[in-house]
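As the structure is a prediction and not an experimental result, all values here were calculated from the model. Start at 1 and go down the list; that is how both ligands and their atoms are numbered.
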Amino acid sequence: MTTSTGGLFLTFEGIDGAGKSTHLTALAQALRAQGRAVQVTREPGGTPLAERLRACLLEEPMDALTEALVVFAARRDHLRCVIEPALARGCVVLCDRFTDATFAYQGGGRGFDPVILRTLEHWVQADGAGGLREPDLTLWFDVPPAVAAARLAAARAPDRFEAEPQVFFERVRAGYAARAAAAPRRIVRLDATQPLEAVWAEVLAVCRARGVLA
Ligand SMILES: Nc1ncnc2c1ncn2[C@@H]1O[C@H](COP(=O)(O)OP(=O)(O)OP(=O)(O)O)[C@@H](O)[C@H]1O
Ligand SMILES: Cc1cn([C@H]2C[C@H](O)[C@@H](COP(=O)(O)O)O2)c(=O)[nH]c1=O
């Protein structure tokens, strides 16, 4: 548990089109059915300011350092205004992407310096007691880029990231794999190439094993 109030911080990660949002919505429903208070949110976004920064990130051309500064600025506001207060109320916070996405997209995808990303992470996520605010559990929906692209092609017009070539998403995927290898207890890889019902069964199994769901 994250807090003495029973708050829990869960994040959903993976390349665009992996299935994160679909399972986040389903898990929120399952948790509410068990009487848990749930805060659903996303990054970048989750506050009025962070949503404006999200629109810039997805629409305006910018370099990798600017991308990193924008996502961490949005994250700072999101943590202060939404995530920390919800955890303090005892909510389960379900967040569509968090800092693993920055290491995967800006670090892996763009090739940006991970040392600078770690510095920004420490500034933005400092918990005031010498530690870092990190998710209690991260579900990584892992799919090859070709599978994710086929799913998205049927769903909507691409934004600035979704329009990147497959090789970019190979690097992002490798970025997630490196994060998972470095934090094997926190980050659980799910085989998201499976049919939706099979992926959902894995989500349920992990959440039950970790005491997130009864
Ligand atoms: N296991 C699956 N098999 C087939 N289709 C799937 C599967 N999971 C999700 N989809 C479909 O793929 C599309 C993308 O799913 P979803 O929006 O959940 O992905 P996402 O990871 O949140 O994407 P993004 O990061 O771009 O928002 C949706 O149309 C969804 O119904
Ligand atoms: C948090 C975060 C996100 N991104 C990118 C990844 C996605 O392409 C978009 C968000 O779109 P989604 O439909 O909500 O998945 O933003 C990033 O590059 N860096 C980050 O830290």
Would you mind telling me if ligand 2 is within reach of the side chain of [X], the backbone, both or neither, using heavy atoms under 4.0 Å?
{"X": "V71", "answer": "side chain"}
{"X": "R75", "answer": "side chain"}
{"X": "Q106", "answer": "side chain"}
{"X": "P44", "answer": "both"}

Among all protein non-hydrogen atoms, which one is nearest to [atom], and what is the separation to 0.1 Å?
{"atom": "atom 15 (O) of ligand 2", "answer": "R97 NE, 2.7 Å"}
{"atom": "atom 25 (O) of ligand 1", "answer": "K20 NZ, 2.7 Å"}
{"atom": "atom 4 (N) of ligand 2", "answer": "L57 CD2, 4.2 Å"}
{"atom": "atom 22 (O) of ligand 1", "answer": "S21 OG, 2.4 Å"}
{"atom": "atom 1 (N) of ligand 1", "answer": "Q194 O, 2.9 Å"}
{"atom": "atom 15 (O) of ligand 1", "answer": "T22 OG1, 3.7 Å"}
{"atom": "atom 29 (O) of ligand 1", "answer": "A155 CB, 4.1 Å"}
{"atom": "atom 27 (O) of ligand 1", "answer": "R156 NH2, 3.3 Å"}

When you measure from the side chain of [X] to the backbone of [Y], do you find a donor-acceptor pair of N or O atoms at a distance under 3.5 Å?
{"X": "R32", "Y": "V38", "result": "yes"}
{"X": "R151", "Y": "A18", "result": "yes"}
{"X": "K20", "Y": "I15", "result": "yes"}

Could you say whether the N/O atoms of R54 and ligand 2 ever approach to under 3.5 Å?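 Yes, at least one N or O pair falls under 3.5 Å.
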Proximal candidate to [atom] [heavy atom criterion; set [options]]:
{"atom": "atom 8 (N) of ligand 1", "options": "V143, L196, D191", "answer": "L196"}
{"atom": "atom 1 (C) of ligand 2", "options": "R42, E13, E164, E43", "answer": "E43"}
{"atom": "atom 2 (C) of ligand 1", "options": "E197, R42, R151", "answer": "R151"}

Please report the shortest heavy-atom distance between [X] and [Y], naming the atom on each side.
{"X": "L31", "Y": "V212", "answer": "CD2-O, 3.4 Å"}
{"X": "L53", "Y": "V70", "answer": "O-CG1, 3.8 Å"}
{"X": "F9", "Y": "C95", "answer": "CE1-CB, 3.9 Å"}
{"X": "D63", "Y": "T66", "answer": "OD1-OG1, 2.5 Å"}

Does the protein come close to atom 4 (C) of ligand 1 - that is, does one of its heavy atoms sit below 4.0 Å from that atom?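 Given the 4.0 Å limit, the answer for atom 4 (C) of ligand 1 is yes, a protein heavy atom qualifies.
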Which of the ligand 2 atoms, numbered from 1, are nearer than 4.0 Å to a heavy atom of [X]:
{"X": "L58", "answer": "9 (C), 16 (O)"}
{"X": "T102", "answer": "20 (C), 21 (O)"}
{"X": "D16", "answer": "7 (C), 8 (O), 15 (O)"}

Let's go through H23 and F12 carefully: what are the C-alpha distance in whole Å and the side-chain angles of both, what is the deciding distance for ring-ring contact (aromatic ring centres under 6.0 Å, His included) to 0.1 Å, and is it a yes or a no? CA-CA 9 Å; H23 294 290; F12 291 64; 8.4 Å; no
So if I count the atoms of ligand 1 from 1 in the order they appear, which ones are less than 4.0 Å from some heavy atom of R97?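 By the 4.0 Å cutoff, the relevant atoms are 25 (O).
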In ligand 1, which numbered atoms sit nearer than 4.0 Å to a non-hydrogen atom of G19?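 Within the 4.0 Å cut-off of G19, ligand 1 contributes 8 (N), 9 (C), 15 (O), 16 (P), 18 (O), 19 (O), 20 (P), 21 (O).
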So, R75 versus T102: side-chain donor-acceptor pair below 3.5 Å or not?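 Note: R75 and T102 side chains meet the donor-acceptor criterion.
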What I want to check is whether the side chains of Y105 and R97 have a donor and an acceptor closer together than 3.5 Å.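 Yes, a side-chain donor-acceptor pair sits under 3.5 Å.
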Under a 4.0 Å N-O cut-off, is there an ion pair linking [X] with [Y]?
{"X": "R186", "Y": "D100", "value": "yes"}
{"X": "E121", "Y": "R133", "value": "no"}
{"X": "E67", "Y": "R160", "value": "yes"}
{"X": "E164", "Y": "R110", "value": "yes"}

Take every heavy atom of A18, measure it against each atom of ligand 1, and state whether any distance is under 4.0 Å.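 Flag set, A18 near ligand 1.
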Looking at ligand 1, would E162 count as a contact under a 4.0 Å heavy-atom criterion?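 Yes.
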Hydrophobic cluster membership, with links at side-chain heavy-atom distances under 4.5 Å among I/L/V/M/F/W/Y: are F98 and F72 in one?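 Yes, it is one cluster - the side chains of F98 and F72 are joined through contacts under 4.5 Å.
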Heavy-atom count check: over 12 atoms from other residues, nucleotides or ligands less than 6.0 Å from R80 CZ?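 Atom CZ in R80 is not crowded, with 12 or fewer foreign heavy atoms closer than 6.0 Å.
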Are D96 and ligand 2 in contact, using a heavy-atom cut-off of under 4.0 Å?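 Per 4.0 Å heavy-atom rule, D96 does not contact ligand 2.
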Taking non-hydrogen atoms only, is P195 closer than 4.0 angstrom to ligand 1 via side chain, backbone, both or neither?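 Backbone only.
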Report yes if some N/O of G17 lies less than 3.5 Å from some N/O of ligand 1; otherwise report no.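 So ligand 1 has an N or O lying under 3.5 Å from an N or O of G17.
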